[in-house]
Participant: 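Quick one: this structure, given as structure tokens, is what I'll be asking you about.
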Amino acid sequence: MPLFYMQGMPIGFVALMLALVASIGGFIFGYDTGQISDILLMDDFRLRFATCTNYAVASTCEFTVVRSGLIVSLLSIGTLAGALAGAVVADKLGRKLAMVVECLMFMIGVTIQLTSFHVWQQFAVGRFVSGLGVGALSAVVPMYQAETAPTQLRGTLTATYQLFITMGILVAYCIGIGTRSLSGASSWKLLVGLGMIFPGMLIAGISMMPESPRWLCAHGKSDKAAIAIARIYGIPSKEASSNRYVNAEVDEIVHQLEAEKRFKAGWMDCFKPQNKTLYRTLLGMSLQSLQQLTGANYFFYYGATVFQSVGINDSFVTQIILGGVNFGCTFGGLYVMERFGRRWPLILGGLWQSIWLFVFAAAGTAKDPTTSKETGTLMIVSACLFILGYAMTWGPGVWILIGETFPTRTRAKQGALSTSANWIWNFLLAFFTPFITKAIQFRYGFVFAACNLLGACVVFFFLYESSDLSLESVDDMYNDPKCKPWTSRRWAPAGYSSRYDLVEQTKAAQARKPFADTEEKRIEHAGSDLKVGSSLKKEDEPVHIDNVHPAPLGTEPNPNITTVGTKATGPSDLPADADVDRSNVFVGRGGGPDAPGYNVGLTKSGPPGGMDRAYPNGHGNAS
């Protein structure tokens, strides 16, 4: 049974659970990221792995920039390799089993870290092995969520991955402040060891979730794909083969896959210019790189050290404040990315982040924060406001786009390449930040501010608006030569005059259940030889939509078929059970502002998709 309805479509309990369960992969990523900042400052860890002048006094122990850089950044090297391997594993084993294998890899890495006693290289290698699992999960989880989530909630559910990353960071900070007072190795080993719990939770939870319908269809398991989609929508599994909405979605996926099967997809196909594949590969890699270059991980990896340098007595507390802002504001990001689309939040977010990084860097450069409490306070406030903007825009937004920008046949590989770009920059920043801050100190913030401005420009000139569209329609949009990034919000798929109409028709299709029953009965009477695209009307005979099946997405509508009838002149001419609101809507040929009504056909065999299809309707969709 559906848990609730959104835009007229049912949303099942499983749809929410699959997003939350898979997002534990993001929690693992965040927890591993957040813990190292505190561990580097713990007395026992420094006595064991740092260079000390007196091994009895922790305050005499310091990490060289090379050693601290390697301990922090080897995780990123592992994640880079894991992200690339994750695509192959996900395509071969399926999205669910791939996540299980990757969780086991992470647990092996944690075990290596826990068995380290005095050799810092072993601890670093353990982080590398853990990184293999984290990187592979970072490629598979957003892809699984985007392929499985209902279109109406895809942005929100995919963004839960980023939400769980921020939760993992915050939880690591909180556990770190609790364990730092413990004596001996337990201060840091408990913090590291608790990380074993979360992959176990993911393994247990994902085993109860459905496999990706798109992966199932790609491997010839359309019947299982129908059951998976039914579970997601809260429709009983026994009705999966007969439900019109389930069948329509399966048909759309299969239709797209059939079109793609003519070309075998390999790694090199990700760099071919046809169908804007190369364009999207470079776009995805650029967005992931720019997400790292926003400067967020500068605070997450080295935040405790940074705020210690501005004169804060307890930098652990400041870390928790930053982590709390990051986690709390990501909830706002879920709403922002779903309500306002993808492009404008990223553009405005880039500008906002740039402003506060300029403030942070200028304050730290103008006056020594260790001698000026006001300067230190201003830097902390500006850092929090920067994190606020990041958590509501670039944090969740980029992960959403990685899941929905690429075509099915190369989605895993392009997602892996994009994620690997994230990890390359993650490594570079983690390793070189100690060297850079030692040389230019807080002027480092100016570099990140400029990168945020660059990110806003890249989004404006190159990113297409993909909200409210199915993954298959996103592919069609990128391949429409008339559609440009800055006009992409006005693009609509075949059969819809605008994206607003797409949403309204979806709501109408689900809400008007009697029509569905009537249609199914009339299709049965129409005969088993009825096919899409065939001419169904005799000379001067009106044709009704309830006599045909919807045409697959991407096909041109048959000119002999009208939405309701060729002879209808008003609502009174429609059949008694026609699915229209007779008080104010008339559906017929020649829709638009001059017609008695506007198109609300309940199939995709309507006007061809593309640009400039929107009629003025008071909802911001006029072209």
Side-chain angles (χ1 to χ4, degrees), residues 27-52 55 58-79 106-107 109-131 133-134 165 167-198 297-309 312 314-320 322-323 426-427 429-431 433-434 437:
F27 186 97
I28 295 169
F29 171 16
Y31 187 84
D32 220 41
T33 297
Q35 68 181 11
I36 194 62
S37 179
D38 290 346
I39 286 174
L40 289 175
L41 296 179
M42 291 183 178
D43 289 347
D44 185 80
F45 191 82
R46 293 167 68 187
L47 286 168
R48 290 174 182 272
F49 302 118
T51 301
C52 304
Y55 283 93
S59 60
T60 66
C61 302
E62 295 292 339
F63 286 101
T64 63
V65 289
V66 174
R67 188 175 300 186
S68 63
L70 285 174
I71 290 174
V72 173
S73 64
L74 270 178
L75 173 78
S76 303
I77 293 294
T79 52
F106 176 82
M107 296 169 82
V110 171
T111 303
I112 295 173
Q113 294 175 63
L114 291 175
T115 55
S116 304
F117 293 98
H118 295 287
V119 181
W120 70 268
Q121 292 90 339
Q122 180 181 342
F123 187 86
V125 169
R127 282 179 58 80
F128 171 81
V129 176
S130 294
V134 171
I165 291 176
M167 186 192 300
I169 293 171
L170 178 60
V171 169
Y173 290 163
C174 293
I175 294 176
I177 201 171
T179 63
R180 63 175 176 166
S181 60
L182 297 177
S183 60
S186 56
S187 60
W188 58 273
K189 285 195 174 184
L190 181 59
L191 178 57
V192 173
L194 287 174
M196 297 278 274
I197 297 173
F198 311 114
N297 278 351
Y298 167 59
F299 296 104
F300 297 145
Y301 280 142
Y302 295 103
T305 304
V306 169
F307 291 112
Q308 198 174 55
S309 68
I312 303 300
D314 194 343
S315 57
F316 285 81
V317 174
T318 307
Q319 281 285 85
I320 291 179
L322 278 182
N426 192 304
F427 163 74
L429 292 172
F431 182 76
T433 287
T437 53

Participant: Quick one: closest heavy-atom pair of Trp120 and Leu70, and the distance?
Facilitator: CH2-CD1, 3.8 Å
Participant: Show the nearest heavy-atom pair for residues Leu74 and Ala124, with the distance to one decimal.
Facilitator: CD1-CB, 3.4 Å
Participant: Using 0.5 Å steps for rounding, measure from the NZ atom of Lys189 to the CD atom of Gln113.
Facilitator: 11.0 Å
Participant: Suppose we screen for salt bridge (charged side-chain N to carboxylate O under 4.0 Å, His left out). Which residues come up paired with Asp44, at least two apart in sequence or across chains?
Facilitator: Arg48
Participant: How many angstroms lie between CZ in Arg180 and CE in Met42, if you round to the nearest 0.5 Å?
Facilitator: 8.5 Å
Participant: Quick one: does any side-chain atom of Ser68 pair with a main-chain N or O of Thr64 as donor and acceptor, under 3.5 Å?
Facilitator: yes
Participant: Any chance the side chains of Asp38 and Gln35 put a donor and an acceptor closer than 3.5 Å?
Facilitator: no
Participant: Could you report the tightest heavy-atom contact between Ile112 and Thr115, atom names first, then the distance?
Facilitator: O-OG1, 3.0 Å
Participant: Under 4.5 Å between any side-chain heavy atoms of Tyr298 and Leu429, yes or no?
Facilitator: no
Participant: Testing the basics here: between Val192 and Val110, what is the closest heavy-atom pair and its distance to 0.1 Å?
Facilitator: O-CG1, 3.7 Å
Participant: Using a 4.5 Å cut-off on heavy atoms from C-beta on, say whether the side chain of Val72 contacts that of Leu40.
Facilitator: yes
Participant: Using 0.5 Å steps for rounding, measure from the CZ atom of Phe128 to the CD1 atom of Ile77.
Facilitator: 7.5 Å
Participant: What are the two closest non-hydrogen atoms of Phe123 and Ser116, and how far apart are they?
Facilitator: N-OG, 3.3 Å
Participant: Testing Tyr31, Phe29, Phe27 one by one against Ile165 for a side-chain contact (heavy atoms from CB on, under 4.5 Å), which residue passes?
Facilitator: Phe29
Participant: Does any N or O in the side chain of Ser73 come within less than 3.5 Å of the main-chain N or O of Ser76, such that one atom is a donor and the other an acceptor?
Facilitator: no
Participant: Sequence neighbours left out, what passes disulfide bond (SG atoms under 2.5 Å apart) with Cys61? Give chain and number order.
Facilitator: Cys52
Participant: Check whether any side-chain heavy atom of Asp32 lies under 4.5 Å from a side-chain heavy atom of Arg127, and answer yes or no.
Facilitator: yes
Participant: Evaluate the ring planes of Phe45 and Phe63, with Trp represented by its six-membered ring, and classify them as parallel (under 30°), tilted (30 to 60°) or perpendicular (over 60°).
Facilitator: tilted
Participant: Write down the atom of Leu170, the atom of Ile320, and the distance for their closest heavy-atom approach.
Facilitator: CD1-O, 3.7 Å
